[in-house]
S.K.: 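Once you've had a glance at the structure underneath, I'll fire off some questions.
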Amino acid sequence: MERMSSVVRTITKVAFGPIFIFGAYIILHGHLTPGGGFQGGALIASVMALYFVAFGDERWKKKLMSTLESIGLLTFASAGFLGLTAGFFFFNFLAGSKIPFFNEQIPSMEGFVHPNWAPLFSAGTVSVMNIAVGLEVVVGITLVVVAMGLFSFAGKEGE
Amino acid sequence: MNTKWPSLVVLVAFMGLLAFSFWEMRDFGDPMDEYDDDATTDGKISLYDRTSNSTIEVNRTYMDEYFIDHSQDKDTSTNNAVTAIVFDWRGFDTLGEATVLFSAVCGVLIALRTAFPKKEGPRTEGGEK
């Protein structure tokens, strides 16, 4: 594919990092602030689409990305099924448990100045599912955009 | 014969149903309106409370208040109550959403499978042509 003008490429180089970091922030803080896996994943996928449009890069590792998407969905589903070990389906078995993985508690509200404070490694399976969904959305939407772009360009090339 | 009247009848019936359900809605910000004195369930439902590890009785339409009260404690310890509902209490629904996205991506990739080049390097030939 053709790449776009140097203005677009320069702006893409400048904007890629901050938008990517912001998307990662939205995903990782999904259990603390508004947002979550779907929203942050859409952000990172949009910056991937920007990169694709600006540079016209064709070297996308389709197999690796498909594998990552499957891993995202499987992590989500297995986090739901692992709740069966502690009770029932989609039971949040990590939150408040002794397993040292996203198990921190939110301090009680008494005497707290800021009511919205919470540790990052809290919320148990909610955080795990956020990251899994974020991975799936990033890779999935990027794959869709890249496939559509490459396909439309291939049609033009043949004429 | 005009063929438009059956759709008109369906439309009017559907609008009537919508208007009926609209009149049955409770007032804005009033969770207990019209449901307070339910004889069959006594206005109470039982929910599993993980903090005390027992079943607690809550008022029937106080589900939202249960979410607000319990999203931050040992139940989920999630600060964002919306995320707690979407990914924990309604996690099965979100699993369906993720599956929908997965199958949509699979469908696009199957339909446009000729778009990606076969090997590394420049594409020699586009698509099936």
Side-chain angles (χ1 to χ4, degrees), chain A residues 29-38 58-60 62 66 69-70 72-73 76-77 79-80 83 87 89-92 95-96 103-106 108-109 116-118 122-127 129-130 132-133 136-137 139-141 143-144 146-158, chain B residues 47-53 55 68-129:
Chain A
H29 286 233
H31 55 293
L32 304 176
T33 53
F38 286 102
E58 293 182 10
R59 297 165 297 159
W60 296 87
K62 186 188 165 195
S66 305
E69 200 195 355
S70 306
L73 187 59
F76 190 99
F89 196 41
F90 271 96
F91 188 80
N92 200 338
N103 66 339
E104 289 181 30
Q105 293 283 304
I106 296 178
S108 66
M109 299 281 281
N116 249 343
W117 187 85
S122 62
T125 55
V126 175
S127 304
M129 288 171 179
N130 258 321
V133 165
E136 192 200 337
V137 170
V139 180
I141 297 183
L143 269 176
V144 167
V146 168
M148 286 183 173
L150 287 179
F151 188 79
S152 63
F153 182 71
K156 268 185 202 159
E157 199 180 39
Chain B
L47 287 173
Y48 174 70
D49 185 20
R50 195 181 162 180
T51 310
S52 60
N53 201 12
T55 310
I68 292 169
D69 286 342
H70 288 76
S71 69
Q72 282 189 325
D73 64 12
K74 208 183 166 191
D75 221 6
T76 65
S77 67
T78 305
N79 206 19
N80 188 351
V82 176
T83 308
I85 292 170
V86 166
F87 282 94
D88 195 326
W89 285 303
R90 285 183 178 269
F92 193 47
D93 180 64
T94 311
L95 178 65
E97 259 179 71
T99 314
V100 164
L101 180 76
F102 184 81
S103 31
V105 172
C106 281
V108 169
L109 287 186
I110 289 170
L112 306 179
R113 63 187 174 280
T114 57
F116 284 89
K118 286 257 167 26
K119 283 173 186 169
E120 295 286 323
R123 184 180 45 231
T124 53
E125 158 176 27
E128 298 168 344
K129 298 187 184 83

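Protein chains get the first letters and strands the later ones, always in sequence-line order, with residue 1 at the start of each.
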S.K.: Could you look at A:Val139 and say if it's the side chain, the backbone, both or neither that has a heavy atom under 4.5 Å from chain B?
M.R.: neither

S.K.: Could you tell me which portion of B:Val82 (side chain, backbone, both or neither) has an atom closer than 4.5 angstrom to a non-hydrogen atom of chain A?
M.R.: neither

S.K.: Could you check which of B:Thr99, B:Thr94, B:Leu112 has the highest count of heavy-atom pairs closer than 4.5 Å to chain A?
M.R.: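 Going by pairs under 4.5 Å, I would pick B:Leu112.
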
S.K.: How many angstroms lie between atom CG of B:Leu95 and atom CZ of A:Phe90, to the nearest 0.5 angstrom?
M.R.: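 Separation between the atoms: 4.5 Å.
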
S.K.: What heavy-atom pair brings A:Leu73 and B:Ala98 nearest, and what distance separates the two atoms?
M.R.: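 Distance-wise, the nearest heavy atoms are CD1-CB, 3.6 Å.
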
S.K.: Please give me the minimum heavy-atom distance between B:Leu109 and A:Ala147, naming the atom from each residue.
M.R.: CD2-CB, 4.0 Å

S.K.: Between A:Met148, A:Met129, A:Lys62, which has the largest tally of heavy atom pairs under 4.5 Å with chain B?
M.R.: A:Lys62

S.K.: Looking at B:Val86, B:Val108, B:Asp88, which has the largest count of heavy-atom pairs under 4.5 Å with chain A?
M.R.: B:Asp88

S.K.: Mind checking whether B:Thr78 and B:Phe87 have side chains closer than 4.5 Å, heavy atoms only?
M.R.: no

S.K.: Do you know which two heavy atoms are closest between A:His31 and A:Ser122, and how far apart they sit?
M.R.: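 It is CD2-OG, 3.5 Å.
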
S.K.: Going through the distances and angles, do B:Ile110 and B:Arg113 end up as a side chain to side chain contact (heavy atoms under 4.5 Å, CB included)?
M.R.: CA-CA 5 Å; B:Ile110 289 170; B:Arg113 63 187 174 280; 4.2 Å; yes

S.K.: Given heavy-atom pairs under 4.5 angstrom as the criterion, report whether the side chain, backbone, both or neither of A:Ser70 touches chain B.
M.R.: both

S.K.: Considering only heavy atoms, which portion of A:Val144 lies under 4.5 Å from any heavy atom of chain B: side chain, backbone, both, or neither?
M.R.: both

S.K.: Against chain B, work out which of A:Thr125, A:Val133, A:Ile141, A:Asn130 has the most heavy-atom pairs shorter than 4.5 Å and name it.
M.R.: A:Asn130

